[in-house]
Amino acid sequence: MPNAKAKMTLGVNIDHIAVLREARKINDPDPLMALAICAQSGADQITIHLREDRRHIHDEDARRIIASSSLPVNLECAIDPAIIEIVCGLHPHRATLVPEKRQEVTTEGGLDVVGQFDAISLAINKLKEREIEVSLFIDPTREAIEYCERLGTQWVELHTGSYANVYAMLNSALPHSHHAIEALRLSRSELDDRLEQSYSDVVDAANYARSLGLKVAAGHGLNYQNVSPIVEIDTIEELNIGQSIIARSVFTGLSQAIKDMKTLCQR
Ligand code: PXP
């Protein structure tokens, strides 16, 4: 019998629910409400990012989510010692260390595992002492993976942002998106080459990491259009996806939300 393909697991990043809440600074929508829906709908993991500026998820959200989730919680965080201390106290199933810049809209690149080797090593040791599994969010390069192996992380999460950006440039239906504007400067064949390169970087990094015994996740910018080629990469066992799922849910879930409100509006 041919070997069945290994299962791909899905972590759903629910930060974006808190982004909506923070737009009004009230307690609605509460990201905690997503936990049961995620579990019932086939999600394998809840992913949240406790940013240093607390722009969406707050410490109390993280505490309640970790305490209540039936699924493992993957907590993304910076390597800052004060944050690592908090994460140790929260005790999620896994901590994914990510680079953070206050001005960025979202995580723009992988960790600098070479330049910040010592600081990352310190963070990993603290987390491991508390028996928290560790993942490092990195750009898909062999050099980064070699350093991850030396750092003794169990997981790497490959940043798929470059792949997703080029994919969007080639397929963008939105004429004013920054992808479309950048795409104007490149020919179709340059874009095709870039897409092939960014995809093969992910394939190569995943295979290399797996060959060194690391578990491999991937994420950032994955959506309903671009995810299938990534799912085909056998050595990746987990995807973490947020923006596109929550964005779609605004539309696929909106109909029921309106019907519920309409029912309440009946005299
Ligand atoms: N993985 C990591 C490490 C991230 O920082 C993010 C963004 O918070 C994601 C996955 C999810 O990215 P997206 O929201 O683009 O799906």
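Note that these values count all heavy atoms, side chains included, but never hydrogens, waters or copies made by symmetry. In each ligand, atom 1 is the first atom listed, and ligand 1 is the first ligand listed. Not measured: the values here are computed from a predicted model. FYI, the numbering just counts along the sequence from 1.
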J.: Restricting to side chain to side chain donor-acceptor pair (under 3.5 Å), what partner residues turn up for Asp30, sequence neighbours left out?
T.: Arg64
J.: Looking at Glu238 and Lys7, is there a salt bridge between them, counting it only when a charged N and a carboxylate O are closer than 4.0 Å?
T.: no
J.: Within the side chain of Ser69, is there an N or O that forms a donor-acceptor pair under 3.5 Å with the backbone of Ile66?
T.: no
J.: Taking only heavy atoms of Val98 into account, list the atoms of ligand 1 that are under 4.0 Å away from them.
T.: 3 (C)
J.: At a 4.0 Å threshold, what atoms of ligand 1 neighbour a non-hydrogen atom of Asn240?
T.: 10 (C), 11 (C)
J.: Checking contacts here: is it the side chain or the backbone of His159 that comes within 4.0 Å of ligand 1, counting heavy atoms only? Could be both or neither.
T.: neither
J.: Does a donor on one side chain and an acceptor on the other come within less than 3.5 Å for Asp193 and Gln197?
T.: no
J.: Provide the number and element of each atom of ligand 1 under 4.0 Å from a heavy atom of Gln243.
T.: 13 (P), 14 (O), 16 (O)
J.: Asp28: what forms a side chain to side chain donor-acceptor pair (under 3.5 Å) with it, not counting sequence neighbours?
T.: none
J.: Among the heavy atoms of Gly221, does any lie under 4.0 Å from an atom of ligand 1?
T.: yes
J.: May I ask you to check if ligand 1 and His49 share an N or O to N or O distance below 3.5 Å?
T.: no
J.: For His16, counting its heavy atoms only, list the atoms of ligand 1 lying under 4.0 Å from any of them.
T.: 14 (O)
J.: Hey, what's the ring geometry for Tyr199 with Tyr163, parallel, tilted or perpendicular (30° and 60° as the breaks)?
T.: tilted
J.: Going by heavy-atom distance to atom 2 (C) of ligand 1, choose the closest among His56, Glu76, His220.
T.: Glu76
J.: Between Gly242 and ligand 1, does any nitrogen or oxygen pair lie at a separation below 3.5 Å?
T.: yes
J.: Could you tell me whether Glu22 and Lys25 make a salt bridge, using a distance below 4.0 angstrom between a side-chain N and a carboxylate O?
T.: yes
